[in-house]
Number of protein chains: 2
Amino acid sequence: MRKKTKATSVDIAYRAGVSQATVSRVLRGSPLVNIETRKRVEAVARELNYKVDRHASSLRTQRAGCIALLLFEDPTADESHINPFFLSMLGSITRACAKHGQDLLVSFQQLSDDWHADYENSMKADGLILLGYGDYLAYQSTLDRLVEQGTHFVRWGAVLPGQPGVSIGCDNFHGGQLVGEHLYGMGRRKVAFLGDASSHYPEFFARYRGCGVALHDLGVVMDPALQVDAESSEDAGYAAARTLLERGQPFDAVFAASDLIAIGAMRALTEQRLRVPEDVSVVGFDDIPTARFTNPALTTVYQNTQRAGEMLVDALLRQIRDEPVESQMIPASLIVRKSSGTPIADSED
Amino acid sequence: MRKKTKATSVDIAYRAGVSQATVSRVLRGSPLVNIETRKRVEAVARELNYKVDRHASSLRTQRAGCIALLLFEDPTADESHINPFFLSMLGSITRACAKHGQDLLVSFQQLSDDWHADYENSMKADGLILLGYGDYLAYQSTLDRLVEQGTHFVRWGAVLPGQPGVSIGCDNFHGGQLVGEHLYGMGRRKVAFLGDASSHYPEFFARYRGCGVALHDLGVVMDPALQVDAESSEDAGYAAARTLLERGQPFDAVFAASDLIAIGAMRALTEQRLRVPEDVSVVGFDDIPTARFTNPALTTVYQNTQRAGEMLVDALLRQIRDEPVESQMIPASLIVRKSSGTPIADSED
DNA sequence: CTGAAAGCGCTTACAG
DNA sequence: CTGAAAGCGCTTACAG
């Protein structure tokens, strides 16, 4: 004897002996209701297990009460695995949404998809959170369009002047600096960088520049011949390290633009009988859960994803309410583990 | 000059010189439209960047076109980290939903929350996917209620006779058998089990029983004194291994009910100067991404999460369409790595 | 093949 | 404090 028909506000009104409008007021928490009336309506609603119909409500108010999280990746990325760093962001975003009473729609997109128009125009979501590594220049025009259409969105990524929309991101430049200083402290002078280092990948680029500037300030120049492009995946890291090795340029440290890259690179190095960290220091970025368990454990840069998720949701909600919002950075901090080695008294050069 | 007002079907109708009803037919793909008319309407819709309002549409059709994924955990679980196994399920569920043109609402719940009524009664979602480890008996009554209310849902978990609703799960029993046989093959005779082994945690229990039966068939009895309760977390695994050690009963293998437990257990064993796998074989369950990287690399049981995600979504969609649906199991397969050791010619007993 | 009209279940001015 | 009424933007029988 299952109830096929869900209760509506009219049913509640009938049973509580009030008008449907009053039921609606009660359920919206309007102050314009007598306390007695309110109690009666609430009791009936609870009894009939009544929930406000979201679509009717949203249609009327023109608010979805929902945020869409768009996770996109380069089409080349491995289909089956999602970058664990984004997964952990997803976790904290979900929690932050719950805290603000917002629902969260999750979707994976290809960078090439026509994702820009869908969610807000169809009223599915009041705003968008954009998350993903990928070629920045390739989708900058899409961001411009979003701004132009008045779509509410925040982006996780590089925080740079003159960017369309609002971004929340890690202080990648400072993170890179920390790595550069640390590697210098370990006696390393020939630091390779694995990861795209161009404005196509502004986050990686900032990490690269940060490291370069730190070393420069210490009197060391990063050799461009020791930089190899790589997107954020283990396979790309492996391939990049192989390329680096084939170039034959000597190096004593690898700064990988992400932990995934670092893991792949360590595999390539080990295969070539190079010891980490004795022969080569390796440092990653992101502090994914696996980083503690690599062999040797990976020195890396930590970003507080919990915090980041909250800031993204906060910024978006503020934007939806037409409040002023600024792009912001969260701090980076270095987590020293075994893979970067122990200080070397005398450097080789 | 941003458009504050989104185009509606009336706008499209006006510009295309047809009735609003016809616009709706075109956008729903009704065959009852002249091809010329259709083209004209589509052109205008595209030009105005028109998307059907989801709420209006859903209100009318009484379908959300959306599925809700409810991820729940024991309240005791660590706030910040989500079980990586479920994260990877989330990934495949998201993809499967996209393939079926369904949106996906994601939410974390505490086992104690009042999650049962919300999503479908409020019409937010046409059905629910339930995902999570936790005390089964504690929420069985909730499942009963869901069934009684006619809520559409599928559950990831143990597949047992007489369960409310439909479940998709791994063949945990067989997975356990594989582990038992493998450990026996490694010469192990005193196998400890870390993880709850009662009907409160049917998945863990099935793994335990599978292992026990396999060993029994080989003439070995699992000692109940070597079983220690643990929920699926690293800390719980660590604590359970400590408890096991304190009991002073000799053991030469640990079957951990999940990889997270195994990782924590290995830490505890190593701290006590026990060598893995020389002194103790360790086997986990789930094959989370980190399993390849533990030291030694973790032997574990793999479940195809890609497949599982598709099956969950498929089953739910079928149920929503009132088609018959059965509970199903996906196969388990053993992944042998270093942590279970190399065969020992002579066993100790 | 097309249009006029009813109605999905709410929210919120408006009037009292 | 409460009710009657309009209307959010669609979908779909119904009539033609």
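What's counted below: heavy atoms across the whole structure, side chains too, no hydrogens, waters or symmetry copies. In this text, all values refer to a predicted model and were calculated from it rather than measured experimentally.
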Counting only side-chain nitrogens and oxygens, does [X] get under 4.0 Å of the OP1 or OP2 atom of [N]?
{"X": "B:Q20", "N": "C:dT2", "result": "no"}
{"X": "B:S24", "N": "D:dG9", "result": "no"}
{"X": "A:S30", "N": "C:dT12", "result": "no"}
{"X": "B:Y50", "N": "D:dC10", "result": "yes"}
{"X": "B:S19", "N": "C:dG3", "result": "yes"}
{"X": "A:R28", "N": "C:dT12", "result": "yes"}
{"X": "A:S9", "N": "C:dC10", "result": "yes"}
{"X": "A:S57", "N": "C:dT11", "result": "yes"}

Write down the distance between [atom1] ([X]) and [atom2] ([N]), rounded to a whole number of angstrom.
{"X": "A:I35", "N": "D:dC1", "atom1": "CD1", "atom2": "P", "result": "10 Å"}
{"X": "A:K6", "N": "C:dC8", "atom1": "NZ", "atom2": "P", "result": "16 Å"}
{"X": "A:L59", "N": "D:dT11", "atom1": "CG", "atom2": "P", "result": "12 Å"}
{"X": "B:K51", "N": "D:dC10", "atom1": "NZ", "atom2": "P", "result": "13 Å"}
{"X": "A:K124", "N": "D:dG9", "atom1": "NZ", "atom2": "C1'", "result": "16 Å"}
{"X": "B:L32", "N": "D:dT12", "atom1": "CG", "atom2": "P", "result": "11 Å"}

- Do A:E310 side-chain atoms and A:S92 backbone N/O form a donor-acceptor pair below 3.5 Å?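 Not at all, since once roles are kept as given, no pair shorter than 3.5 Å links the two residues.
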- Task: For A:E203 and A:C170, indicate whether the former's side chain and the latter's backbone hold a donor-acceptor pair under 3.5 Å.
- Result: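 Flag not set: sc A:E203 to bb A:C170 has no pair under 3.5 Å.
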- Message: Assess whether a salt bridge exists between A:K6 and A:D53, defined as any Lys/Arg side-chain N lying under 4.0 Å from an Asp/Glu carboxylate O.
- Response: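 Salt bridge absent between A:K6 and A:D53.
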- Task: Can you establish whether the number of heavy atoms outside B:R15 located under 6.0 Å from its atom CZ is more than 12?
- Result: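 No, because the 6.0 Å sphere around CZ of B:R15 holds 12 heavy atoms or fewer from other groups.
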- A:E36 CD: over 12 foreign heavy atoms closer than 6.0 Å: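 Check fails, neighbour count at 12 or below.
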- Would you please enumerate the stems DNA chain D participates in, each stem being three or more consecutive Watson-Crick or G-U wobble pairs with both distances under 3.5 Å?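 Stems for DNA chain D, defined as runs of 3 or more consecutive pairs: C:1-3 with D:14-16, C:5-12 with D:5-12, C:14-16 with D:1-3.
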- Item | Distance between P atoms of C:dA13 and C:dG9 (Å, rounded) |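 Result for the P pair: 23 Å, nearest Å.
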- Of A:R60 and B:T8, the one whose closest DNA chain D nucleotide lies more 5':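 Upstream on the strand: A:R60.
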- Task: Name the residue closer to the 5' end of DNA chain D, choosing between A:A21 and A:P31 according to the nucleotide with the nearest heavy atom.
- Result: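 Checking each residue's closest nucleotide, the 5'-ward one belongs to A:P31.
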- Counting only distance, no hydrogens or angles, is the base of C:dG3 paired donor-acceptor with the side chain of B:R25 under 3.5 Å?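 By the distance-only test, yes, there is a pair.
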